[in-house]
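Residue numbers run from 1 in the order of the sequence given.
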Amino acid sequence: MAEQIIFYVLAIVIVVFSILTVTSRRVLRAATYLLFVLLATAGLYLLMGYQFLFGVQISVYAGGIMVLYIFSILLTSHAGDKVNKVSLKRQLPAAFAALAGLAVCGHIIFHNVYKVADIVASDPTMQEIGKAIMGTNKYQYLLPFEAISILLLACIIGGIVIARKR
């Protein structure tokens with residue numbers, strides 16, 4: 001019963017702060033709200049008994065990535081800057097794209113939920129998780145991991161270039 005209460009509290013925190021992240025007009029506050037989302041996600045990992053993922057979420061995402069985001073925000077703008085209000089002409093296509101993305105994600109989840117249940121039921125070891133994360137075969141994640149690292153490097157370089165122009 002206590003686990004369900006904790007789960008619902010964490011889920012509410014994730015939903016509320018996710019909405020605040022995308023609707024906040026102050027950039028630094030949006031980054032802070034994103035930090036709360038990442039911390040609550042780490043709480044979900046801990047609740048499920050995945051201490052390794054909890055540690056990775058806290059150290060890599062809530063620690064390293066958020067420091068990078070905040071550093072980039074402070075390099076490229078002032079802390080109190082507000083985001084300009086978006087016109088309705090831009091909000092409608094964005095809402096349509098968000099709903100289309102939600103529909104695609106729902107379709108994928110609905111048609112693959114039994115496959116995931118079979119994989120989760122096998123209770124993988126740490127070695128299998130490590131091979132899945134850092135492997136190069138099909139359904140392994142080394143290539144996306146490297147692609148994200150190149151993207152983050154490009155963001156850092158872009159932030160430095162923008163900051164030097166000022």
Side-chain angles (χ1 to χ4, degrees), residues 1-24 26-76 94 97-160:
M1 180 68 184
E3 286 183 359
Q4 280 186 325
I5 293 171
I6 294 170
F7 172 78
Y8 287 125
V9 167
L10 289 173
I12 290 170
V13 167
I14 289 172
V15 169
V16 167
F17 281 110
S18 295
I19 291 170
L20 287 173
T21 298
V22 297
T23 58
S24 176
R26 295 190 183 268
V27 179
L28 200 55
R29 280 190 189 161
T32 305
Y33 296 146
L34 180 62
L35 174 65
F36 291 136
V37 171
L38 295 174
L39 291 173
T41 305
L44 285 179
Y45 289 144
L46 191 62
L47 189 64
M48 290 187 291
Y50 294 127
Q51 289 84 9
F52 176 73
L53 289 178
F54 167 77
V56 168
Q57 181 78 13
I58 293 291
S59 63
V60 174
Y61 291 106
I65 300 299
M66 283 309 300
V67 167
L68 178 68
Y69 284 164
I70 292 171
F71 179 69
S72 300
I73 289 168
L74 293 177
L75 264 179
T76 58
L99 289 174
L102 185 65
V104 167
C105 289
H107 175 74
I108 291 171
I109 290 171
F110 180 74
H111 288 290
N112 291 311
V113 71
Y114 297 111
K115 294 176 188 174
V116 173
D118 291 341
I119 292 170
V120 172
S122 67
D123 197 25
T125 64
M126 275 300 210
Q127 287 81 13
E128 291 171 349
I129 293 172
K131 286 179 184 175
I133 291 174
M134 300 307 282
T136 57
N137 295 329
K138 190 174 182 180
Y139 304 120
Q140 294 180 341
Y141 297 102
L142 184 62
L143 182 62
F145 177 79
E146 291 300 327
I148 290 173
S149 67
I150 292 171
L151 176 69
L152 288 174
L153 179 63
C155 291
I156 292 170
I157 292 171
I160 291 172

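Under the rule for a side chain to side chain contact (heavy atoms under 4.5 Å, CB included), L102 has no partner lying at least two apart in sequence or in another chain. The side chain to side chain contact (heavy atoms under 4.5 Å, CB included) check on F17 picks up V13, L20, Y33, F36, V37, with sequence neighbours excluded. Considering only residues two or more places apart in sequence or on other chains, L99 meets the side chain to side chain contact (heavy atoms under 4.5 Å, CB included) condition with none of them. I5 meets the side chain to side chain contact (heavy atoms under 4.5 Å, CB included) test with M1, V9; sequence neighbours excluded.
Between the E3 side chain and the L47 main chain, no donor and acceptor come within less than 3.5 Å of each other.
Distance CG/L10 to CD1/I6: 7.5 Å, rounded to 0.5 Å. To the nearest 0.5 Å, the span separating CG on L34 from OH on Y61 amounts to 11.5 Å. Annotation: the span from I19 atom CD1 to I14 atom CD1 amounts to 12.0 Å, rounded to 0.5 Å. Interatomic distance, CG of L39 versus CG of L35, reported as 4.5 Å (0.5 Å rounding).
In terms of heavy-atom proximity, R29 sits nearest to S24 at CB-OG, 3.7 Å. Summarising the geometry of A42 relative to I58, their closest heavy-atom pair is CB-CD1, 3.7 Å, with the distance given to 0.1 Å.
Inter-residue side-chain proximity for Y45 and M48 is flagged as met; some heavy-atom pair is nearer than 4.5 Å.
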